[in-house]
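Data first, discussion second: the structure below is written as structure tokens.
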Amino acid sequence: MTQPHRLLLVNGPNLNLLGTREPGIYGTETLADVERITADAASALGYDVRAVQSNHEGVLIDAIHAAREDCTGIVINPGGLTHTSVALRDALTGVGLPFAEVHISDVYRREEFRHFSYLHDVATVRVVGRGVQGYAEAVRELVSKL
Ligand code: CA2
């Protein structure tokens, strides 16, 4: 069987608020912009993207499980779950797909509680503090390793 040329893009809690508040930290682009930037970067490399955003951990975990069927990699910004969720880590390691962890802001220049990531040692690629263009960088770095 030929490999699917598809990436799953996962955005976690509160990222639906992008572009509406905190522009000094997250910029002025919206979630729709993030999804377009990611899809354009993927398309240039012959990949399409299925995008999911949810404020509910279980919805994210179900989407990650479903990616086993038809995706070759995952680009994920887990939002605040980065710093709290063993369950999200277990979902990502459980499906075994290579994944890129993205953070729009430079979490290492923010509060101490944002410095730890439950994904840091299992992510294939990490892009931190590069703004929303970091999603495009993540696609390119991830695809280069697939
Ligand atoms: O820098 C990132 O991308 C984060 O993953 C964003 C999370 C934060 O908890 C992480 O520490 C770093 C928060 C996403 C919330 O996004 C908002 C966007 C606009 C307004 C309010 C929240």
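Remember, it's 1-based here, ligands and their atoms both numbered in the order they're listed. In this text the structure is predicted, and so the values were computed from the model without any measurement. Note: hydrogens, waters and symmetry copies are ignored here, and every other heavy atom, side chains too, is used.
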Any side-chain donor-acceptor pair under 3.5 Å between Asn55 and Glu57?
no

List the atom of Ile76, the atom of Leu119, and the distance in Å for their closest heavy-atom pair.
CG2-CD1, 4.5 Å

Note down each nitrogen or oxygen pair, ligand 1 side and protein side, whose separation is under 3.5 Å; give only atom names and the distance to 0.1 Å.
residue	atom	partner	partner atom	Å
ligand 1	1 (O)	Ile104	N	3.3
ligand 1	1 (O)	Ser105	N	2.9
ligand 1	1 (O)	Ser105	OG	2.6
ligand 1	3 (O)	Asn77	ND2	2.8
ligand 1	3 (O)	Ile104	N	2.7
ligand 1	5 (O)	Asn77	OD1	2.8
ligand 1	5 (O)	His103	ND1	2.9
ligand 1	9 (O)	Gly80	N	3.3
ligand 1	9 (O)	Arg114	NH1	3.0
ligand 1	11 (O)	His83	NE2	2.7
ligand 1	11 (O)	Arg114	NH1	2.9

Is the count of non-hydrogen atoms from other residues, nucleotides or ligands lying under 6.0 Å from Arg130 atom CZ greater than 12?
no

Ring centers of His83, Phe116 separated by less than 6.0 Å:
no

Could you please spell out the steps behind the side chain to side chain donor-acceptor pair (under 3.5 Å) verdict for Tyr26 and Asn14?
CA-CA 12 Å; Tyr26 299 115; Asn14 300 308; over 6 Å; no

Is it the case that over 12 heavy atoms from other parts of the model lie below 6.0 angstrom from the CD atom of Glu112?
no

